[in-house]
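Letters go in sequence order (proteins before strands), and every chain restarts at 1.
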Amino acid sequence: MPELPEVETVRRGLAPHLIGRSIESVTCYRPDLRYPLPDMDVLYGKTCRGISRRAKYLQFSFDHALLVWHLGMSGCFRVQHGNAAKLRHEHVRISLSGGECLSYIDPRRFGYAGLLPIDGWQQHPWFAALGPEPLGDSFDGEYLFSRCQGRKIAIKTLLMDASVVVGVGNIYACESLFRAGIHPARAANRISRQRLDLLVIAVREVLGEAIAAGGSTINDFAHVDGNPGYFAHNFQVYGRASKACLHCTTRIRRLVQSGRSTFYCPHCQH
DNA sequence: CTGAAGACCTGCCTGC
DNA sequence: TGCAGGCAGGTCTTCA
């Protein structure tokens with residue numbers, strides 16, 4: 001479900017429901033997510049001061065702790081009335097002051113959460129090796145070019161490496177490479193600086209447009225209120241194998257790279 | 001070291 | 001209808 005635009009959409013959706021509210025109780029229906037859930041008793045009575053995002057991690061800040069949550073492949077949050085019936089695949093419910101609750105739903109249970117110190121969380125293994133934010137100033141053509149030197153890896157695989165740049169998952173890697181006209185299997189060290197400049201612009205544009213559209217809904221992604229995101233309507237290549245390229249009508253192809261499906265136009269991308 | 005593949009887990013879709 | 005197989009937004013671990 002979530003790449004950076006979806007996580008950012010969730011963050012924005014949760015903020016008005018959580019900020020300023022305190023946690024009254026936490027119910028774990030299934031604590032065995034990817035990693036065991038942390039003991040959240042220490043948050044009882046504590047007020048959520050803000051929600052931020054680093055890479056695909058949501059960060060709920062409290063006075064003395066940071067609750068970090070990764071949605072994995074299929075995780076999502078829903079805000080609902082505190083007395084609502086348990087949902088299918090709802091693993092955690094956080095009851096909030098004011099009568100609402102925050103439900104975590106995750107069919108595949110690849111998501112995970114942790115309670116980190118408010119100071120020094122950047123040193124935690126989940127964050128220490130992360131590359132720059134794709135929408136931040138330090139992600140530019142010069143940086144990406146430097147990271148491509150000496151790398152024979154396919155550019156699409158490199159783009160999805162969180163130590164290079166965070167937040168670019170399978171969908172947006174495909175879409176960004178299409179927009180930049182770069183073949184996903186091209187070796188990273190065989191792409192000119194000028195073309196990497198275009199790729200950086202494409203990544204920023206695609207992610208920015210997806211955030212503006214409220215994320216992409218494929219199967220089960222939904223906003224915290226249950227409504228879908230709309231960026232999937234704008235996919236140029238993702239999920240369009242054997243369909244006509246919207247620019248040149250050539251059939252879109254699918255290939256597998258590092259175990260992940262890649263979609264590209266063999267005419268538009270080189 | 002690099003890069004590719006497997007593992008984690010469940011649901012859904014396709015084809016026989 | 002039933003069932004096997006393939007596929008799915010991410011990331012960590014293992015292996016060559």
Taking atom P in both B:dA5 and C:dC7, compute the distance separating them and give it to the nearest angstrom. 14 Å
Could you check whether A:Arg53 pairs with A:Glu133 (Lys NZ or Arg NE/NH1/NH2 to Asp/Glu carboxylate O, under 4.0 Å)? yes
As a test of reading the structure: which of C:dC12, C:dA8, C:dG9 is closest to the side chain of A:Arg108, going by heavy atoms? C:dA8
Please give, in whole Å, the distance from B:dT10 C1' to A:Tyr104 OH? 13 Å
Given B:dG11, is OP1 or OP2 found less than 4.0 Å from the side-chain N or O atoms of A:His89? yes
Between the base of C:dT11 and the side chain of A:Arg34, is there any donor-acceptor pair under 3.5 Å? yes
What's the CE-P distance between A:Met73 and C:dT11, to the nearest Å? 10 Å
OP1 or OP2 of B:dC8 sitting under 4.0 Å from any side-chain N/O of A:Arg109? no
Considering only NZ, NE, NH1 and NH2 on the basic side and carboxylate oxygens on the acidic side, decide whether A:Glu8 and A:Arg12 come within less than 4.0 Å. yes
Within the structure shown, what part of the strands sits under 4.0 Å from A:Arg260 by heavy-atom distance: base, sugar-phosphate, or nothing? base
Expressed in whole Å, how much space separates the P atoms belonging to B:dC9 and C:dC3? 23 Å
How many Å lie between CD on A:Glu3 and P on C:dA8, as a whole number? 13 Å
Path from A:Leu198 to A:Ile182 over hydrophobic side-chain contacts below 4.5 Å: no
Output the single nucleotide from B:dT10, C:dC12, B:dG3 whose closest atom is nearest the side chain of A:Ile153. B:dG3
Expressed in angstrom and rounded to an integer, what is the separation of A:Trp69 atom CH2 from C:dG10 atom P? 19 Å
What nucleotide among B:dG11, B:dG3, C:dG9 has an atom nearest to a side-chain atom of A:Ile171? C:dG9
Parallel, tilted or perpendicular, as decided by the 30° and 60° cut-offs, for the rings of A:Tyr112 and A:His70: parallel
For atom OH of A:Tyr29 and atom C1' of B:dT10, their distance in whole Å: 20 Å
May I ask you to evaluate whether A:Arg88 reaches the phosphate of B:dT10, defined as a side-chain N or O under 4.0 Å from OP1 or OP2? no
Ion pair A:Asp63/A:Lys46, N-O distance below 4.0 Å: no
Identified pairing partner of C:dG9, criterion: Watson-Crick or G-U wobble below 3.5 Å: none
Any side-chain N or O of A:Lys152 less than 4.0 Å from the OP1 or OP2 oxygen of B:dG3? no
Does a nitrogen or oxygen in the side chain of A:His70 sit under 4.0 Å from OP1 or OP2 of C:dT11? yes
Can you measure A:Leu71 atom CG to B:dC8 atom C1' for me and round it to whole angstrom units? 17 Å
Return no unless some side-chain N or O of A:Tyr238 is found under 4.0 Å from OP1 or OP2 of C:dG9. yes
Between B:dC8 and A:Phe110, is there a base-stacking contact, meaning the centre of the base's six-membered ring lies under 5.5 Å from the residue's ring centre while the planes stay under 30° apart? yes
Specify the separation, in whole Å, of atom OH of A:Tyr112 and atom C1' of C:dC12. 9 Å
Mind calculating the distance between OH (A:Tyr172) and P (C:dA8) to the nearest angstrom? 16 Å
A:Ile94 and A:Phe62: same hydrophobic cluster, using ILVMFWY side-chain contacts below 4.5 Å? yes
If you compare every side-chain N and O of A:Ser74 against the phosphate oxygens of B:dT10 (OP1, OP2), does one of them come in below 4.0 Å? no
